[in-house]
Amino acid sequence: MNLKNFINGKWVEAESGLTREIINPANGEVIAIACESDASDACLAIKAAREAFDSGVWSNLPAIERAAFLFKIADKLEERMDELKVLETLDNGKPHREAEFDIGDAANCFRYYAGLVSKPHGYTYDVPDGAQAMTVREPIGVCGLITPWNYPLLMGVWKIAPALAAGNTIVYKPSEITPVTSVKLFEIIEEVGIPKGVANLVLGPGNTAGQEIAESHDVDKVSFTGGTVTGRKIMQAAAGNIKKISLELGGKSPNIVFADADLETAVDYALFGIFANSGQVCTAGSRLLLEESIHDHFIERLVERARMIRVGAGDNPATEMGPLVSEAHMNKVLNYIEIGKQEGATLVCGGKRITEAGLEKGYFVEPTIFVDTTPNMRIVQEEIFGPVLVVQKFKDEQEAIKLANNTVYGLGAGVFSNDGAKALRVIKKIRAGITWINTYHPTYNEAPWGGYKQSGIGRGLGTYGFEEFTEVKQININLQVEPVGWFEN
Ligand code: NAD
C-alpha cells in the first residue's frame, strides 16, 4: 500500500519525496509506505482549503446539499466495513470487533451531523430601539484538524463531520503512525464528489506538517486531539493569528467503587475501563478508587478476571486485547511499570511484555494492576496510556472526592454505587467533563465530549461539537428607518 496526500482534489506524494514505513504492531511487519509531509506540503493543503473556502463552493451550498454528501460518506463507510476493519486492525492493532465498532460509530457520526446541519441554529432577541436582533451561525473558515493514533478513523471523523457540515474547508492531519483508514476515508470523500480543495489530507509528523497547520495565518481554527504537552504547543502556535482552538487532551480518570455497588458489575466495568483498546483511551479508568472495606475482595476478583483476558493479534476472533500501537509506545508503558515498582507500589497482576510464541514480534503487554499506591506517585499522577491500572483506597465519600480530583487532568470519571443520591452527589463534585454512573466508557455522537482542567478546551460531538466549528454573527435590523438624531446639525 502506498499512501499519499490528498490536496486540492489530487493524490500527491510529499514534495520532499520522503516516506515512512507503517508498521503492524502485532508483528512488526511493514504494511504500507506513507508519504512523509513537511511544512511545505501542509502549506499547499492550506492554500487549497483557503481558496475553496473563499470561493464559497462549499459554504454557499444549502445545508441540505452538504448533508447529502455526508449521508453518502456514512453509507460508503458501512459498505466498506469488512475492508476498513481489517485495515484498522493492521494499522493500530485493535481487535476486529473494536475496529468494527469504531467504523460503525464513524458512519453514525456523519449521519448525526448531516441531520443536525439543517436544523435551526440561531436565536432572535427582543431588544429596545424598535430593532430586531438575531444570531446566525456561520462557518469559521479553514479548519486544521490534528488527531492521535488510538482511534485512527474515529478521532478524525469526530472533527471532519461537524467541520464539513458547518460549511468549513479542512486540512486533516492524522497521526503519522496510523494513516491507513484516513486515506480510505478520503477515497470515499473523493468518490462522493465533494468539491476539490474542500477536504485535504496531509500525512506526516507533528513537528513539521502539524506545526505548520497550527501556526499558519491562513488557518482560522485548529481542532486538536492528543497529548497535553502537544496541546500546549498548539496553543502557543495558534496565538499568532488568534486562531480558535479546541483541545481534547489527556486524562488520568478515576473510577470510584463504593462498598454498596453491585460488585460483579463494578469488576466488569473496571476491566473494561482500563483494558479496552489496551488502555490506549483518553478516558481510560486508569485509577480505580476502592472503598476500604471491599478492597481486598475486589482486587482478588479483579486480578482473577484480568488474568483471563485473551491478549493476541487483532485479526484472531478470540482476541480480547490487542498490542500497543508501536514499539516506542510499548517501551514507554513498560518504563512506567518499572517506575511503579521503584516507587514502592505492589504489582498484583501482569507487568511484563508478552513474548510467547506467535506474539514475540508484536508489542504486547500483560494486563497490569498496581495496589498499595500513594497519591503522589508518578504512576498515579501521569497518563500511562496503556493496560496499567493503579488502585487507590478510600475511607469515605469525602476522601473519594478528594483523591479523584487530585490530578491536573479532568477528562472522565465513573462512580459505582447502588445509592443513587450518593452516586450523583459524588459525580457532581468531580471536576471532569465526561462522567458515568454504574457504567464506564459509553460514548455517544449526540452528547458532548471534552475535559476540565488540563484535559482540554471546548467540547466535541453533539450540538456543542457543531458549534465549535461555527462563528456566531449578531444581526441587528432597524425597523424604523429614520435618522438617529444624535448630533444636532
Ligand atoms: P500526540 O500529542 O503525540 O500526537 C497527536 C497528534 O498531534 C499527532 O497527529 C501528531 O503528529 C500531532 N503533533 C505532534 N506534535 C505536534 C506539533 N508540535 N504541532 C502540531 N501537531 C503535532 O498524541 P498521541 O501520542 O498521538 O496520542 C495519545 C494522546 O492523545 C494521549 O494523551 C491521549 O489521552 C490523547 N487523546 C485524547 C482524546 C480526547 O478526546 N481527550 C482522545 C484520544 C486521545
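Counting convention: from 1, in listed order, for ligands and their atoms alike.
Every atom of ligand 1 with a heavy atom of M155 under 4.0 Å away is listed here by number and element: 42 (C), 43 (C). Here is the list of ligand 1 atoms found below 4.0 Å of a heavy atom in G227: 1 (P), 2 (O), 23 (O), 29 (C), 30 (O), 32 (O). Annotation for ligand 1: atoms under 4.0 Å from non-hydrogen atoms of G250 are 32 (O), 34 (O). Taking every heavy atom of N150 and a limit of under 4.0 angstrom, the matching atoms of ligand 1 come to 43 (C), 44 (C). Those atoms of ligand 1 that come under 4.0 Å of a heavy atom in W449, given as number and element, are 39 (C), 40 (O). Under a 4.0 Å criterion applied to the non-hydrogen atoms of K173, ligand 1 contributes the atoms 8 (C), 9 (O), 10 (C), 11 (O). Close approach of ligand 1 to I146 is summarised as follows: ligand atoms under 4.0 Å from at least one heavy atom of the residue are 6 (C), 7 (O), 9 (O), 12 (C), 20 (C), 21 (N). Per-residue contacts place S175 under 4.0 angstrom from the following atoms of ligand 1 (heavy atoms of the residue considered): 9 (O).
Heavy atoms from other residues, nucleotides or ligands lying under 6.0 Å from NZ of K453 number more than 12. Counting heavy atoms of neighbouring residues, nucleotides and ligands inside a 6.0 Å radius, atom CZ of R353 exceeds 12 of them. Counting heavy atoms of neighbouring residues, nucleotides and ligands inside a 6.0 Å radius, atom CE of M1 exceeds 12 of them. Within a 6.0 Å sphere centred on CZ of F71, heavy atoms belonging to other residues, nucleotides or ligands number more than 12.
Between T368 and L347 there is a side-chain heavy-atom pair separated by less than 4.5 Å. Between I33 and E21 there is a side-chain heavy-atom pair separated by less than 4.5 Å. Residues R287 and N255 form no side-chain contact, since every pair of their non-hydrogen atoms from C-beta on lies 4.5 Å or further apart. Side-chain contact between L288 and V390 is absent, with no heavy-atom pair separated by less than 4.5 Å. In this structure, P95 and F101 have side chains that are not in contact, with every pair of non-hydrogen atoms separated by 4.5 Å or more.
Contact analysis leaves G456 out of contact with ligand 1, as no non-hydrogen atom separation drops below 4.0 angstrom. Within the 4.0 Å heavy-atom shell around ligand 1 one does not find W158. The shortest heavy-atom distance from Y151 to ligand 1 is not under 4.0 Å.
With a 4.0 Å heavy-atom cut-off, ligand 1 is reached by the side chain of L411 but not by its N, CA, C or O. Contacts of E248 with ligand 1, taken as heavy-atom pairs under 4.0 Å, involve both backbone and side chain. In P174, the part holding a heavy atom less than 4.0 Å from any atom of ligand 1 is the backbone. In I234, the part holding a heavy atom less than 4.0 Å from any atom of ligand 1 is the side chain. Contacts of E176 with ligand 1, taken as heavy-atom pairs under 4.0 Å, involve the side chain alone.
Of the protein's heavy atoms, G210 C, 3.2 Å lies nearest to atom 20 (C) of ligand 1. In terms of protein heavy-atom proximity, atom 7 (O) of ligand 1 is nearest to F224 CE1, 3.1 Å. Nearest protein heavy-atom contact of atom 28 (C) of ligand 1 is F385 CE2, 3.6 Å. Shortest contact from atom 9 (O) of ligand 1 to any protein heavy atom: T147 O, 2.7 Å. Nearest protein heavy-atom contact of atom 27 (O) of ligand 1 is P148 CB, 3.2 Å. Distance from atom 16 (C) of ligand 1 to its nearest protein heavy atom, with residue and atom name: T230 CG2, 3.3 Å.
Polar contact with ligand 1: present for Q211 (N/O pair, distance under 3.5 Å). Ligand 1 has no N or O atom lying under 3.5 Å from any N or O atom of K233, backbone or side chain. Of the N or O atoms in W149, one or more lie within a sub-3.5 Å distance of an N or O in ligand 1. For the pair T225 and ligand 1, the shortest N or O to N or O distance does not fall below 3.5 Å. Between E383 and ligand 1, at least one N/O pair is under 3.5 Å apart.
The ring of Y113 has its center no closer than 6.0 angstrom to the ring center of W158.
Under the side chain to side chain contact (heavy atoms under 4.5 Å, CB included) rule, V222 has a single partner from I234, V171, L145, which is I234.
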Show me the donor-acceptor pairs within less than 3.5 Å that the side chains of residues 322-335 make with the rest of the protein, sequence neighbours left out.
| unit_1 | atom_1 | unit_2 | atom_2 | d |
| --- | --- | --- | --- | --- |
| S326 | OG | H329 | N | 3.0 |
| H329 | NE2 | F385 | O | 2.8 |
| N331 | ND2 | E327 | O | 3.4 |

May I have the list of side-chain donor-acceptor pairs in residues 81-88 shorter than 3.5 Å, sequence neighbours left out?
| unit_1 | atom_1 | unit_2 | atom_2 | d |
| --- | --- | --- | --- | --- |
| E83 | OE1 | R80 | NE | 2.9 |
| E83 | OE2 | R80 | NH2 | 3.3 |
| K85 | NZ | E100 | OE1 | 3.4 |
| E88 | OE1 | T181 | OG1 | 2.6 |
| E88 | OE2 | L153 | N | 3.0 |

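Proximity of atom 1 (P) of ligand 1 to the protein is indicated by at least one non-hydrogen atom lying closer than 4.0 angstrom.
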Apply the test side chain to side chain contact (heavy atoms under 4.5 Å, CB included) to residues V348 and F370: give CA-CA distance (whole Å), side-chain angles for both, the deciding distance (0.1 Å), then the verdict.
CA-CA 6 Å; V348 289; F370 279 109; over 6 Å; no
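Here Y409 contributes atom OH and S286 contributes atom OG; the two are 9.5 Å apart, rounded to the nearest 0.5 Å.
Closest heavy-atom approach to atom 38 (C) of ligand 1 among the candidates P152, G226, C282: C282. The residue among G460, A209, G206 with a heavy atom at the shortest distance from atom 17 (C) of ligand 1 is G206. With distances taken over non-hydrogen atoms, the option nearest atom 37 (C) of ligand 1 out of L249, I213, T228 is L249.
Relative to the six-membered ring of F469, K221 meets both conditions, a distance below 6.0 Å and an angle of at most 45° to the axis.
A side-chain donor from one of W11 and E190 sits under 3.5 Å from a side-chain acceptor of the other. Between the side chains of N8 and K10, no donor-acceptor pair is found at a separation under 3.5 Å.
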